[in-house]
Colleague: 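To start, I am sharing the structure in question, which I have written as structure tokens.
One-based numbering, in listed order, for ligands and for the atoms of each.
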Amino acid sequence: MSWKTIDDMDFKGKVALVRVDINVPVEAGRVTDATRIEKIVPTVKDIQEKGGKVVLLAHFGRPKGQVVPEMSLRVTLPALEAALGQKVAFAEDCIGVTAKKAVAAMEPGDVLLLENTRFHAGEEKNDPTMAASLAALGLVYVNDAFSAAHRAHASTEGIAHRMPSCAGRLMEAELKALNAALGDPERPVVAIVGGAKVSTKLDLLGNLVQKVDHLVIGGGMANTFLVAKGIEVGTSLAERDMAETAKEILAKAEGAGCAIVLPTDVVVAKEFKAGAESRTVAAGECGADEMILDAGPDTVDLIAEVFARCRTLIWNGPLGAFETPPFDAATTMAARKAAELTRGGRLVSVAGGGDTVAALNKAGVAEDFSYISTAGGAFLEWMEGKVLPGVAALED
Ligand code: 3PG
Ligand code: MG
């Protein structure tokens, strides 16, 4: 793998088309987490320092090729301006006359944000005409959107073949960190896979059991595995029709010498709400009218022992319903253990996925991890060992 970086390119007086991922959470017209916006600052600043004009290309939500006013990128402008400490111009369209005029009005040092690339159907189709229209706006392409690199879209893939291209600073950092953790990791390796999206992650699990030494399964997905082992889970979230697939994964893990860690004790409640009355029981003792909402303390001890024996940790997905206390306990305790080992130089810890990052922030340990990815789906596909089209397109 080799790709150019900002250091290899000439930006003087040139328009740089910079693909960023500022697909941030918004509530009531405000950005509620500006992390992804803050992470693009080094790329913008470095291009400006080299005399370039920065045109930001980005998507927002899933408008499916239509102009959907609620999915306008305009909502990100205040957060962008705050992060960059400068005025950011905005164009109502990412291609055509509107975009061209806005670009023509730029001076070196200016930043222009173009409207949602997904307002055009050609974006997700990776339509060559769309890629050409985007490419026509500038002279250099910089991809800083690792978290959108699993999409082969016009602004993430097609455009890279049409002009001199390089990786932005965030893309560089993500690739370096993930290569170190997954390309050739120090063993033993433990992975934690949790969260509710069971059916989407079963594929990932199937791949991981061949690559890691220990696999901890948590969240709603663990319930499906308990069901597969004939353990009753009451009213818990579980994909009962996936039980056979779960069994196959357990068999595959055994064949590959990967030790699976499932909850041995669980926290159960009759209803799912903050502060709900709960009890901790052995995994087989969830009542017919109860649901599993978190892993129990014995399970956390087991996980901590595994961490202590490993050198590398890859974490995607919380162990319980961490957004709703007290069901955040297992995730928080395991995260603190990982942070402690990382601080002591015993563990390389890499985490990714929106929920995971939120959980680590909540546990107050995100700073202690070796690397936290800004990516969700792209991080998963990387963990699955897939080639990310946005990254492949940058390779020489
Ligand atoms: C994300 O938020 O995961 C990325 O921005 C990609 O968005 P998408 O899943 O809609 O392609
Ligand atoms: Mg996504």
Side-chain angles (χ1 to χ4, degrees), residues 17-27 31-40 43 56-68 70-76 79-80 83 94 113-127 130-131 134 142-160 167-168 170-171 173-175 178 193-197 199-201 203-204 315-318 350-361 371-384 386-394:
L17 302 174
V18 185
R19 179 51 158 106
V20 292
D21 185 355
I22 50 173
N23 193 24
V24 290
V26 168
E27 266 168 49
V31 173
T32 54
D33 178 356
T35 307
R36 280 181 169 175
I37 290 176
E38 286 151 10
K39 297 267 184 186
I40 68 165
T43 292
L56 301 174
L57 301 175
H59 73 281
F60 187 55
R62 291 178 177 168
K64 299 194 158 78
Q66 309 284 323
V67 175
V68 179
E70 303 78 63
M71 294 183 196
S72 169
L73 272 169
R74 203 182 261 286
V75 72
T76 65
L80 258 177
C94 66
L113 171 65
L114 301 180
E115 184 56 288
N116 199 340
T117 51
R118 290 188 184 171
F119 281 1
H120 292 273
E123 164 71 336
E124 295 192 55
K125 288 190 190 128
N126 200 2
D127 174 16
M130 173 83 184
L134 289 169
V142 180
N143 191 346
D144 212 23
F146 173 79
S147 49
H150 56 319
R151 310 294 183 206
H153 293 174
S155 72
T156 61
E157 204 276 345
I159 188 172
L170 177 58
M171 174 71 89
E174 294 267 8
L175 293 173
L178 297 189
V193 178
K197 289 180 201 161
S199 39
T200 53
K201 286 194 191 168
D203 278 349
L204 166 72
W315 191 330
N316 178 269
V350 175
D355 274 4
T356 317
V357 177
L360 297 181
N361 280 328
Y371 190 78
I372 303 233
S373 176
T374 54
F379 185 82
L380 282 182
E381 291 198 21
W382 182 280
M383 277 177 87
E384 285 172 357
K386 288 191 184 147
V387 171
L388 305 183
V391 176
L394 291 178

Colleague: Do side-chain atoms of E115 reach the backbone of L73 as a donor and acceptor pair under 3.5 angstrom?
Modeller: yes
Colleague: Check whether any heavy atom of R118 sits under 4.0 Å from an atom of ligand 1.
Modeller: yes
Colleague: Taking R19 first and then E123, would you say they form a salt bridge - that is, a charged N and a carboxylate O separated by under 4.0 Å?
Modeller: yes
Colleague: Using modelled atom types and a 3.5 Å cut-off, is there a donor and acceptor pairing between side-chain atoms of D144 and backbone atoms of V20?
Modeller: no
Colleague: Heavy-atom contacts with D21 under 4.0 Å: which atoms of ligand 1 show up? List them by number with element.
Modeller: 4 (C), 5 (O)
Colleague: Quick one: does T156's side chain get under 4.5 Å of P389's, heavy atoms only?
Modeller: no
Colleague: Return the CZ to CG distance between R151 and D21, rounded to the nearest 0.5 Å.
Modeller: 10.0 Å
Colleague: Hey, what do you get for CG (N23) to CZ (R118), rounding to the nearest 0.5 Å?
Modeller: 6.5 Å
Colleague: Find all atoms of ligand 1 within a distance of less than 4.0 Å from any non-hydrogen atom belonging to R151, and give their numbers and elements.
Modeller: 8 (P), 9 (O), 11 (O)
Colleague: Under 3.5 Å between any N/O of N23 and any N/O of ligand 1: does that happen in this structure?
Modeller: yes
Colleague: Please list, in number order, the atoms of ligand 1 under 4.0 Å from a heavy atom of R62.
Modeller: 8 (P), 9 (O), 10 (O)
Colleague: Quick one: look at R36 and ligand 1, take heavy-atom pairs under 4.0 Å, and tell me if it's side chain, backbone, both or neither.
Modeller: side chain
Colleague: Is the closest heavy atom of S147 to ligand 1 under 4.0 Å?
Modeller: yes
